[in-house]
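Here's the structure, in structure tokens; my notes come after.
Here, residue 1 is the first one in the sequence, and each next residue gets the next number.
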Amino acid sequence: MQALRWTHHHRDVLMYRGWYCRYNGFGGKVEPGETPAQAARRELQEEAGIDAPLEYVGTLFFVVNDIDWAFDIRIYAAREHVGVPTESDEMKPGWFSLSDDSLHARRLFPPGSDSNSDSGVPVPASVPSTDLPNIPYDQMWVDDIHWLPRLVRGERFVGRADFDEGNVMRRYWFGSVSESGSGDQVR
């Protein structure tokens, strides 16, 4: 289960750097008696010190070589929150740009250019800004670039990624889910 706080109109996303020193959404395990949605909200409060009205947006399945079970990840998102995101023992939250170039990992200037505002250093979580660094896909799980743009576009999605050792994605698929009168359809 994972929760991301994002705003489309302000063009920013709040993520954290924590587990395996990678940027990710907030999340964790579902406790006995909890629904995935309740767990997402609890984890957001515990890890970032904020509360938010979460909306289910997708499901991801991860299969890892030499592990006998699959990861079933439910993704929730919010467009607003209450409270000030704060650093915890588990993670350090930060804001990143949701510009089209950032979202799709396109750079406006060559790496190392003085004009490149993408320093790779997140703006502290308590200070959303209009001059935010790009989403650090090179410091995230390799599958994130395939589903995060769908989340930002407001699409529901589903996906699966199979990994070998060293976070090598050996095969994958991701699709948007459209709701129709005859049930959900993946496209």
Report the residues that fulfil ring-ring contact (aromatic ring centres under 6.0 Å, His included) with Tyr56, sequence neighbours left out, ordered by chain and then residue number.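 By the ring-ring contact (aromatic ring centres under 6.0 Å, His included) rule, Tyr56 matches Tyr76.
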Donor-acceptor pair, side chain of [X] and main chain of [Y], under 3.5 angstrom:
X	Y	result
Glu46	Glu43	no
Glu47	Leu44	no
His146	Leu148	no

Taking the ring centre of each residue, are Tyr23 and Tyr137 less than 6.0 Å apart?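 Distance test on ring centres: not under 6.0 Å, no.
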Less than 6.0 Å separating the ring centroids of Phe61 and Phe71?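 Phe61 vs Phe71: aromatic centres not under 6.0 Å.
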Does one hydrophobic cluster hold both [X] and [Y], with members joined at side-chain heavy-atom distances below 4.5 Å?
X	Y	result
Trp69	Phe163	yes
Val63	Phe174	no
Val82	Phe26	no
Val168	Leu60	no

Kindly give the heavy-atom pair with the smallest separation between Arg153 and Glu155, and that separation in Å.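 Minimum heavy-atom contact is NE-OE2, 2.8 Å.
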For Glu165, does the CD atom have more than 12 heavy-atom neighbours from other residues, nucleotides or ligands under 6.0 Å away?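 For Glu165, atom CD is not crowded (no more than 12 foreign heavy atoms under 6.0 Å).
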Taking ring-ring contact (aromatic ring centres under 6.0 Å, His included) as the criterion, tell me which of Trp173, Phe62, Tyr172, Phe157 meets it with Trp147.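 Result: among Trp173, Phe62, Tyr172, Phe157, Phe157 is the only option passing the ring-ring contact (aromatic ring centres under 6.0 Å, His included) with Trp147.
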